[in-house]
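Have a look at the structure below, then the notes.
Remember, predicted model here, so these are calculated numbers, not experimental data. Along the sequence shown, the residues carry numbers beginning at 1.
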Amino acid sequence: MERNLMIAGFGGQGVMVMGKLLSYATCYSTDKNVTFFPSYGAEQRGGTANCYVVISDEDIGAPLGDIMDDLIVMNGPSLNKFLYKLRPGGTLYVNSSIAKDPITRDDITVVQAPVTELALELGNAKVLNVIMLGVYIGFTDVIPEDVVWETIMQQLGKKEALIPLNKQAFAKGLEIGRNARK
């Protein structure tokens, strides 16, 4: 099994954090191999940001590929810029709060989640990436959800007051991902 994932959005949406959390969870708590390859735009906050995560049972030959199995887009420009990278039969995860352009491909699975809206409902826009990570894990089961949650706790748990919020955000994402899989 090998999964190639690209995560793309504006700087400040937690794109790199999402990729790192998935990579750390894979590296430290499973016997799978993982690579993480970040790419930043000219500006950090508000500029473009994307990263590639490859998870495999085998050795990984390259840290990124031209064709992705999965694509997470957190905004419209990323949808328009990177949709061509998704292989036929791949899965597109869309932050439908912001990425509103029509999806012109009919050879992919689309999982829409209004993560910005949901994060605001939870009271903190910064958890939109935790929600989307939950959507991805809930849909794919690529890494066990308890392993991902433990990694979130290790990496983001320094601010104890935010633990319940992150737990709620991750659970909401898992629910959306699981429901989309049915």
| query | Quick check: does any side chain N or O of N124 sit under 3.5 Å from a backbone N or O of L120, one acting as donor and the other as acceptor? | reply | no
| note | Scanning both residues in full, the closest heavy-atom pair of L79 with A99 reads CD2-CB, 4.4 Å
| message | According to a hydrophobic-cluster definition based on side-chain heavy atoms being under 4.5 Å apart (Ile, Leu, Val, Met, Phe, Trp, Tyr only), do Y52 and I67 belong together? | response | no
| message | With rounding to the nearest 0.5 angstrom, report the CG to OG distance, L5 to S23. | response | 9.0 Å
| task | Go through the steps to decide whether L22 and M18 satisfy the test side-chain contact (heavy atoms from CB on, under 4.5 Å), and finish with yes or no. | result | CA-CA 6 Å; L22 189 56; M18 232 186 310; over 6 Å; no
| Do the non-hydrogen side-chain atoms of L118 and I176 ever get within less than 4.5 Å of each other? | yes
| task | Kindly indicate whether the side chain of M68, heavy atoms from C-beta on, has any atom under 4.5 Å from the side chain of R87. | result | no
| Donor-acceptor pair, D69 side chain versus G90 backbone, under 3.5 Å? | no
| field | Min side-chain heavy-atom separation T109-L92 under 4.5 Å | value | no
| query | Do other residues, nucleotides or ligands put more than 12 heavy atoms under 6.0 Å from D107 CG? | reply | yes
| field | Spacing of M132 atom CE and I7 atom CD1 [to the nearest 0.5 Å] | value | 9.5 Å
| query | Y84 and V110: same hydrophobic cluster, using ILVMFWY side-chain contacts below 4.5 Å? | reply | no
| task | Begin from the C-alpha positions of V53 and T35 and carry the test side-chain contact (heavy atoms from CB on, under 4.5 Å) through to its verdict. | result | CA-CA 6 Å; V53 178; T35 61; over 6 Å; no
| task | Verify the neighbour count for atom CZ of F37: are there more than 12 heavy atoms of other residues, nucleotides or ligands below 6.0 Å? | result | no
| task | Compare every heavy atom of K126 with every heavy atom of N129, then report the nearest pair and how far apart it is. | result | OD1-O, 3.0 Å
| Minimum heavy-atom separation for M16 to S39, with atom names? | CE-O, 3.4 Å
| query | Are side-chain heavy atoms of F36 and C51 found at a separation under 4.5 Å? | reply | yes
| field | Cluster overlap Y24 with L133, hydrophobic side-chain contacts below 4.5 Å | value | no
| said: Is it the case that the side chain of S97 and the backbone of E117 share a donor-acceptor pair, with hydrogens and angles ignored and the cut-off at 3.5 Å? | reply: yes
| message | Strictly below 4.0 Å, N to O, side chains only: are K32 and D57 in salt-bridge contact? | response | yes
| task | Check whether any side-chain heavy atom of Y136 sits under 4.5 Å from a side-chain heavy atom of V111, and report yes or no. | result | no
| task | Please name the pair of heavy atoms, one in A8 and one in V15, separated by the smallest distance, quoted to 0.1 Å. | result | C-CG2, 3.9 Å
| task | Please lay out, stage by stage, how T116 and N95 fare under the test side chain to side chain donor-acceptor pair (under 3.5 Å). | result | CA-CA 7 Å; T116 300; N95 175 1; 2.8 Å; yes
| query | Any ion pair linking D141 and R181 (charged N to carboxylate O, less than 4.0 Å)? | reply | yes
Can you give me every donor-acceptor pair (side chain of residues 147-172, partner residue at least two apart or in another chain, under 3.5 Å) with its distance?
from, atom 1, to, atom 2, distance (Å)
T151, OG1, V147, O, 3.0
N166, ND2, L162, O, 3.4

| remark: From the list I143, I55, V54, side-chain contact (heavy atoms from CB on, under 4.5 Å) with V34 holds only for I55
| query | CG of L71 to CE of M6: how many Å apart, nearest 0.5 Å? | reply | 7.0 Å
| Gap separating the CG atom of L83 from the OG1 atom of T104, nearest 0.5 angstrom | 5.5 Å
| request: Taking the side chain as every heavy atom from C-beta outward, state whether Y93 and V73 have any pair of such atoms under 4.5 Å apart. | output: no
| Donor-acceptor pair, side chain of S78 and main chain of M74, under 3.5 angstrom | no
| Could you give the distance from SG (C27) to NZ (K20), rounded to the nearest 0.5 Å? | 14.0 Å
| query | Side chain of R178, backbone of V135: donor and acceptor closer than 3.5 Å? | reply | no
| Separation between CG of N33 and CD of E58, rounded to the nearest 0.5 Å | 8.5 Å
| query | Are V115 and I98 connected, step by step, through hydrophobic side chains (Ile, Leu, Val, Met, Phe, Trp, Tyr) whose heavy atoms are closer than 4.5 Å? | reply | no
| query | Please walk me through it: do N4 and D70 pass side chain to side chain donor-acceptor pair (under 3.5 Å)? | reply | CA-CA 6 Å; N4 291 282; D70 299 308; over 6 Å; no
| query | Do other residues, nucleotides or ligands put more than 12 heavy atoms under 6.0 Å from the NZ atom of K85? | reply | yes
